[in-house]
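Some notes on the structure that comes next.
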2 protein chains.
Amino acid sequence: MPRLDTVLHVEEALMQLKELSARSGVSAASIKYYLREGLLQPGETVTATRADYGDGHLRRLELIQALRQIVGLGIGQIRTILSLADGGAPRLDVLATVQRVVLGLDNPGTARGSSAPGPGDAVVRLRRWPDAPSDARNALNAHLELMQKLSVPVSPATLDVYSQAMDTVAALDIRETVAPEDTDQLILTAAVGMHMHSQLLLKLLALAQASHAIRALEVHGPENSNAGSLTAHPDGQDGP
Amino acid sequence: MPRLDTVLHVEEALMQLKELSARSGVSAASIKYYLREGLLQPGETVTATRADYGDGHLRRLELIQALRQIVGLGIGQIRTILSLADGGAPRLDVLATVQRVVLGLDNPGTARGSSAPGPGDAVVRLRRWPDAPSDARNALNAHLELMQKLSVPVSPATLDVYSQAMDTVAALDIRETVAPEDTDQLILTAAVGMHMHSQLLLKLLALAQASHAIRALEVHGPENSNAGSLTAHPDGQDGP
DNA sequence: CCTTTAGGATAGGAGCACTATCCCAAACTT
DNA sequence: AAGTTTGGGATAGTGCTCCTATCCTAAAGG
């Protein structure tokens, strides 16, 4: 019986560690490190001095690179995602975890009992979103409570406008989403996509805020400052 | 002539380093460190062995704490903001810098000539935002070019919906904004507010995406996964 | 007189993501 | 057979950041 690779005309390019390093641009030392950290599956040990790595390892390395350098995840976070994927978890579980990690749904130390009702539940009802507890929902509840604690006011109007806006955005996001078959590819596009889109959102928010601030100043007239200052870039002394 | 403090009934509580440390909860060593780093103005040296710090120093320390622990800024970023404020820059300049730093408007290494037209300018026209080059606009242009380079597609529809959504949000943000008189207080509320609101937005986005994903699955039927998995929290092995 | 203090210099420590070295045994090469 | 490479494991070092600790001197203060 012929190998599946052959049937599909997929030439599994076998290589050993050094070549994998050369092709991926990742140093051999780093590859060993990823191996140790469990981000990369061990190659197939042929002899004691020869192990074969395939295209999968190459793509995995590129995924790790992207997750580190573009999305800015830590090794632990990457492991969380990859071990789930390698464990054969359902694609939706993987996606949910990618979302959790990329959008930072669990950074506040404020752990919450998942069943306790929180201030965010009203939003769910308001927007008629499916009523299921989720990581995102817990994160929202925790975050709202944190804002409360920090006395950062969140008016119902804010919650209304914000959630309405995000509802529109998310509807489009999901509509435009196409999920690749290959799991590593799925993680790559999902993580990079989520990150870039969320950053895009924040940059648009910044621009919109600046614009509205200028408008507000034009109406009420500049009082103790020049409106042009919002348009300069003061070039902080921090450097790139 | 009486001191202004006395007239305004503002008791300037004078204290020395040790007491400042006790009251603020910041270790004396850290205070010295902040002093060295230029985040905190030196106290008034009375004798060689006694320096007086006032309420301003106390509030400044609280500001630094908030910027570090809540907003998550680095020492260099904090210095960028504070030295501007201490240099007596216009309030709007300070706010612009806070925005730049808090919303990460300059993290991509992609520096841009401010005058070159970019893909984001169409958004500005579309939304009828004031036509002035700004940090936010540069950041948007740089980010869109980055997305292009990474082959993350940004459809005109996306830009339309996103910018429309952010326009609404920003309008409300600016409307609800009240800026404190005191500059340190201004920085505090602005930085914490921006950070918390942007995080809120991201969390709402996550929830909205999850909701729409569930909807989409309900319509087309679950194919190779259980919809319930989006609602679980798989508890990654990373731990808080 | 003895302890305390300010402020400066320096060094240490913890966490992170590598990076480099060393080692061994088992291959391949010549 | 001798010499070179290789895999993989262990271990230590690097560069960065944010502190934290120690030591020092000169000058007060009680």
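Residue numbering restarts at 1 for every chain, and letters A, B, ... go by the order of the sequence lines.
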Distance check: side-chain N/O of B/Y53 vs OP1/OP2 of C/dT5, anything under 4.0 Å?
no
Identify whether any heavy atom of A/G43 sits under 4.0 Å from a base atom; if not, whether one sits that close to sugar-phosphate; answer base, sugar-phosphate or nothing.
nothing
Closest-nucleotide ordering on DNA chain C, the 5'-leading residue of A/L73 and B/L35:
B/L35
Yes or no on side chain to side chain contact (heavy atoms under 4.5 Å, CB included) for A/M166 and A/L201, after CA distance, side-chain angles and deciding distance?
CA-CA 10 Å; A/M166 288 307 95; A/L201 213 48; 3.8 Å; yes
Taking for each residue the nucleotide of DNA chain D bearing the nearest heavy atom, is the 5' side occupied by A/R36 or by A/P42?
A/P42
Give the rounded distance in Å between these two atoms: CE of A/M15 and C1' of D/dT6.
16 Å
A/Q65 versus A/Y34, closest heavy-atom pair with distance:
OE1-OH, 4.2 Å
Nearest-neighbour nucleotide for the A/R68 side chain, C/dC18, C/dT19, D/dC23 considered
C/dC18
Which value, rounded to the nearest 0.5 Å, describes the distance between A/L207 atom CG and B/D135 atom CG?
11.0 Å
What nucleotide among D/dG7, D/dC18, C/dG7 has an atom nearest to a side-chain atom of A/L17?
D/dG7
Whole angstrom value for the distance that separates P of C/dT5 from CZ of B/R50:
9 Å
Check the distance between C/dG8's C1' and B/Y34's OH and give it to me in whole angstrom.
19 Å
Between C1' on D/dG8 and CG on A/L20, what's the gap in Å once rounded to a whole number?
15 Å
If you check every side-chain atom of B/Q16, which of C/dC18, C/dT5, D/dT20 has the closest atom?
C/dT5
Can you tell me how far C1' of D/dA28 sits from CG of B/D52, to the nearest Å?
14 Å
D/dA27, C/dA20, C/dA17: which one has an atom nearest the side-chain heavy atoms of B/A48?
D/dA27
Within the pair A/K18 and D/dT6, is there a side-chain N or O less than 4.0 Å away from OP1 or OP2?
yes
Establish whether the base of D/dG7 is bridged to the side chain of A/K32 by a donor-acceptor pair shorter than 3.5 Å.
no
Where the side chain of B/T49 is concerned, which of C/dT19, D/dA27, D/dC19 is the nearest nucleotide?
D/dA27
d(CD, B/E37; P, C/dA9) in whole Å
13 Å
Would one find a side-chain N or O of A/Y33 under 4.0 angstrom from OP1 or OP2 of D/dA12?
no
Any B/T47 side-chain nitrogen or oxygen under 4.0 Å from OP1 or OP2 of D/dA27
no
Whole angstroms only, please: what is the CD-P distance between B/E19 and C/dT4?
17 Å
Can you check whether A/E44's main-chain N or O pairs, donor with acceptor, with A/D52's side chain at less than 3.5 Å?
no
Taking B/H143 for the side chain and B/A139 for the main chain, is one N or O donor matched with an acceptor at less than 3.5 Å?
no
Sole candidate of A/D55, A/D182, A/D184 that passes salt bridge (Lys or Arg N to Asp or Glu O under 4.0 Å) when paired with A/R60:
A/D184
In whole angstroms, the gap separating P of C/dA6 from CG of B/L14 amounts to 13 Å
Can you find a side chain N or O atom of B/S30 that sits less than 4.0 Å from OP1 or OP2 on D/dC19?
no
